[in-house]
Amino acid sequence: LKHCATCGIHRPPRSAHCRETNRCVQKWDHYCPWIGNSVGRRNYPFFLLFVASTLAHSLLTAVASVLHLTEVAASLAASADDAAAAS
């Protein structure tokens with residue numbers, strides 16, 4: 001067991017002291033500024049869920065945007081055809 005001088009505790013194996021949160025984290029992976037916390041053993045599944053839900057939301061937004069833009073383009077083309085037929 002290693003001793004953490006900052007926390008004053010004996011750290012378990014594969015733990016590290018995070019400078020941003022100022023605490024020791026077991027199986028420390030990285031500090032994520034998006035969730036404002038260190039990613040470690042206890043919150044890694046929640047972090048993966050956060051990443052997966054962000055990806056799903058991004059894909060849904062992209063598909064909805066493409067569908068909306070094609071609908072707007074079709075509407076503009078139809079109004080241009082109507083204006084050309086009227087003149």
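Computed from a prediction, not measured in an experiment: that's the story for all the values here. All residue numbers in this chain count up from 1 along the given sequence.
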Item to check | For Cys18 against Tyr31, the heavy-atom pair lying closest together | outcome: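 Smallest heavy-atom distance, with atoms named: SG-CD1, 4.1 Å.
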
[atom1]/[X] to [atom2]/[Y] distance, rounded to the nearest 0.5 angstrom?
X	Y	atom1	atom2	result
Arg14	Lys2	CZ	NZ	12.0 Å
His68	Thr61	NE2	OG1	13.0 Å
Ser38	Gln26	OG	CD	13.5 Å
Phe46	Asn37	CZ	CG	12.0 Å

Checklist entry - Counting only N and O atoms by type, is there a donor-acceptor contact under 3.5 Å from the side chain of Asn43 to the main-chain atoms of Gly40? => result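 Checking the backbone N and O of Gly40 against the side chain of Asn43, a donor-acceptor pair under 3.5 Å is found.
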
Item to check | Donor-acceptor under 3.5 Å (Ser15 side chain, Arg11 main chain) | outcome: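 No: the side chain of Ser15 does not pair with the backbone of Arg11.
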
Checklist entry - Taking side chain as C-beta onward, heavy atoms only, is His3 less than 4.5 Å from Ile9? => result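 The answer is no, as the side chains (C-beta and beyond) never meet within the 4.5 Å cut-off.
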
If you look only at distance, which donor and acceptor atoms sit under 3.5 Å apart when one is on a side chain in residues 69-78 and the other is two or more places apart or in another chain?
unit_1: Thr70; atom_1: OG1; unit_2: Val66; atom_2: O; d: 3.2
unit_1: Thr70; atom_1: OG1; unit_2: Leu67; atom_2: O; d: 2.8

Checklist entry - Would you say His57 has more than 12 foreign heavy atoms packed within less than 6.0 Å of its NE2? => result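 No, because the 6.0 Å sphere around NE2 of His57 holds 12 heavy atoms or fewer from other groups.
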
Checklist entry - Would His17 and Asn22 count as a side chain to side chain contact (heavy atoms under 4.5 Å, CB included) if you check the C-alpha gap in whole Å, the side-chain angles of each, and the deciding distance to 0.1 Å? => result CA-CA 7 Å; His17 187 82; Asn22 198 26; 3.1 Å; yes

Next on the checklist: Other members of the hydrophobic cluster containing Trp34, with the 4.5 Å side-chain heavy-atom rule, please.
Outcome noted: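 In the cluster with Trp34 are Ile35, Val39, Tyr44, Phe47, Leu48, Phe50, Val51.
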
